[in-house]
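Shown next, in structure tokens, is the structure this report addresses.
Every chain is numbered from 1, with letters handed out A, B, ... down the list of sequences.
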Number of protein chains: 2
Amino acid sequence: MESLYPDTIRLLIDSYAGLTPELQKAARFMVEHPEEIGLNSMRGVAREAGVKPATITRLTKTLGFPEYESLREPFRQRLRTRSPEFAAKFQSVQRRGEAGDRSILADLRAQEMANIEFSLSDENLPIMEDAAQTMHDSRRVYVLGLRGAHAPAFLFHYAYQLFQENSQLLDTSAGIFADQLRGIGASDSLLVVSFPPYTQLTIDAVEYAAEAGAQIIAVTDSVISPAANAAAHTIVTKNQSPSFYHSFTGALAVTQALITMLVTKAGGDAVKIVEEAEKQLSRISAYW
Amino acid sequence: MESLYPDTIRLLIDSYAGLTPELQKAARFMVEHPEEIGLNSMRGVAREAGVKPATITRLTKTLGFPEYESLREPFRQRLRTRSPEFAAKFQSVQRRGEAGDRSILADLRAQEMANIEFSLSDENLPIMEDAAQTMHDSRRVYVLGLRGAHAPAFLFHYAYQLFQENSQLLDTSAGIFADQLRGIGASDSLLVVSFPPYTQLTIDAVEYAAEAGAQIIAVTDSVISPAANAAAHTIVTKNQSPSFYHSFTGALAVTQALITMLVTKAGGDAVKIVEEAEKQLSRISAYW
DNA sequence: CAGCAAATGAAACATTTGTATTATTTAGCG
DNA sequence: CGCTAAATAATACAAATGTTTCATTTGCTG
């Protein structure tokens, strides 16, 4: 990454830690949007970075530049010399990655984007909306995802428990799995994430919950998946991948969207509660 | 908003014959140095083109633009982005305010796709490739992701341990965190996933690992994030979301891509090993 | 060559720019 | 709590910007 950037970026990064908060804000924007420095006026950069013009001036002085123009010039230069195909004027720019195993990665990107597009499709939105309502109305919300599916399940539960206290992530450690489900009943719901090859334990758990009368919300790959058998709401997501392993980005996007809906339903304070909770957790080493 | 830029050049070329000599001089310069239009002021362009400022103004009017800024914008836009369609999508998402909740979900989809596109961008691929090589060469691979970042970290570790046995997922349960890191050394690597608000514990752990000489691979939101401080490879991913909570789909896509690369490096048998392992795990209730 | 319309240049303007200066806020400390 | 020094915002101002207006030059036609 270093070689791609002018030395000035390096300087920005190295100086970052010793800067004041406002200068950090400016420096950070510059590091993350280097093009804008070459493209816009100083005041324009300040505006985009959410900072006063004077702050940019101070930053240039702090970094050791005599005036803003000296800081800007390298960024300009970089934009000037970057794309040689600029010389080929009115040609449409077709810059796909080079050949070789890069193309696999390009496929991967395309596939993942398709997964997202499908998972958050217009058809799925009303289903997700209903599912969120069901969970919102539940006494307890159980969350289940084993093996790879643990990732989206965990994230859902983690985000959810920041603003609600009635969730339970089903855990397989120490053989307590069955115990956790014992209390499930008709006024509860179970969010289950499951993809082929389906785990037997997941299927059993869903069956048990369904018999207990719980509402099942299934995030899975097909309406005929075993997880969807007894489900009240089935959210179908793509999990295809050009790689050997299926992808969970679609499922993750779905669970994140569900969280968004649930926070909205939870009312106005929820947003602030979550933000506060996260900030506090980051400071105190909660798990140390 | 697409590739307006080639069109403007086209217009310049098509109009060229019918222009007056002085306007031709200006038009010619623009066609041959399109970058300068985006980079410099109008007077600057005039100077470089060897033409009076008024000439440029006349040219923009002759071409049908209301003012110079409209002529300049597409050139700017072109310099800003490698893939114009990405930038267009992305900015349209950001411009949006808080409308009805259906549009929030539409924004969410667009945003998530942009996150993926950015995370698996052409610039990131070589970095990820290097990172994968570093991990491949390591004696042990430690994996760290706390709170929300646990999801991608977990998935990486889960998929990895299907075909390699030298990984360790750093766990905060039961106060054993520090013990797990004790053995880390110069021939090891640490994959860390961290997003703001950064967890202090994560930062401490990265620092400790770096001092022990381990190679750090950071999946984070910025090159100046604390997790990237001592990192040998920093993979920057977008985690923006129109919702209250940041998104982890980008980070997940990155870790999945890393797995793909690592399996490839591991050699031909790895693919089959993984597939077999998954099938077996699904049948026997491994954790029951 | 005179006449004259088109093209160009010069000057003037209201804005906007970068920066220096001054005022205000913030955070730490006794 | 007040005090103080650092950090930030507000203000001021000269220089530069984009544009319009007016003056000058150019190239043509009779």
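Protein atom OH of A:Y68 is 18 Å distant from nucleotide atom C1' of C:dA20, rounded to whole Å. Taking atom CD on A:Q24 and atom P on D:dA6, their separation rounds to 18 Å, with Å as the unit. In this structure, A:K25 atom NZ and D:dT8 atom C1' are separated by 11 Å, rounded to whole Å. As a whole-Å value, the separation of B:L59 CG from D:dT19 C1' is 15 Å. Whole-Å rounding puts the B:E73 CD to D:dG18 P distance at 14 Å. Between B:E69 atom CD and C:dT15 atom C1' there is a gap of 13 Å when expressed in whole angstrom units. Distance, A:K61 NZ to D:dA7 C1': 17 Å, rounded to whole Å. Between B:I56 atom CD1 and D:dT19 atom P the separation is 11 Å, expressed in whole Å.
A 4.5 Å side-chain heavy-atom check between B:T60 and B:L63 finds every atom pair outside the cut-off. Between B:F29 and B:Q24, the closest side-chain pair of non-hydrogen atoms is not below 4.5 Å. Using a 4.5 Å heavy-atom threshold, the side chains of B:E35 and A:L79 count as separate.
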> How would nucleotides 11-17 of chain D be written as a contact map, 5' to 3', with B for base contact, S for sugar-phosphate-only contact and - for no contact, using protein heavy atoms under 4.0 Å?
Replying inline: ------B
>> A:L169 vs A:F156, test: side-chain contact (heavy atoms from CB on, under 4.5 Å). Steps then yes/no.
In response: CA-CA 9 Å; A:L169 180 64; A:F156 177 88; over 6 Å; no
> Could you go step by step and tell me if A:R76 and A:E69 meet the salt bridge (Lys or Arg N to Asp or Glu O under 4.0 Å) rule?
Replying inline: CA-CA 10 Å; A:R76 245 226 207 87; A:E69 189 53 30; 3.0 Å; yes
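You'll find the ring centres of A:F163 and A:Y160 inside the 6.0 Å limit.
Between A:T20 and the phosphate of D:dT8, there is a side-chain N or O to OP1/OP2 separation shorter than 4.0 Å.
A parallel orientation is assigned to the rings of A:Y158 and A:F154, their planes being inclined by less than 30° (bins at 30° and 60°).
A:T57 comes within 4.0 angstrom of a nucleotide base, judged by non-hydrogen atoms across all strands.
For D:dA9, the base has a donor-acceptor partner in the side chain of A:R58 [N/O atoms by modelled type, under 3.5 angstrom].
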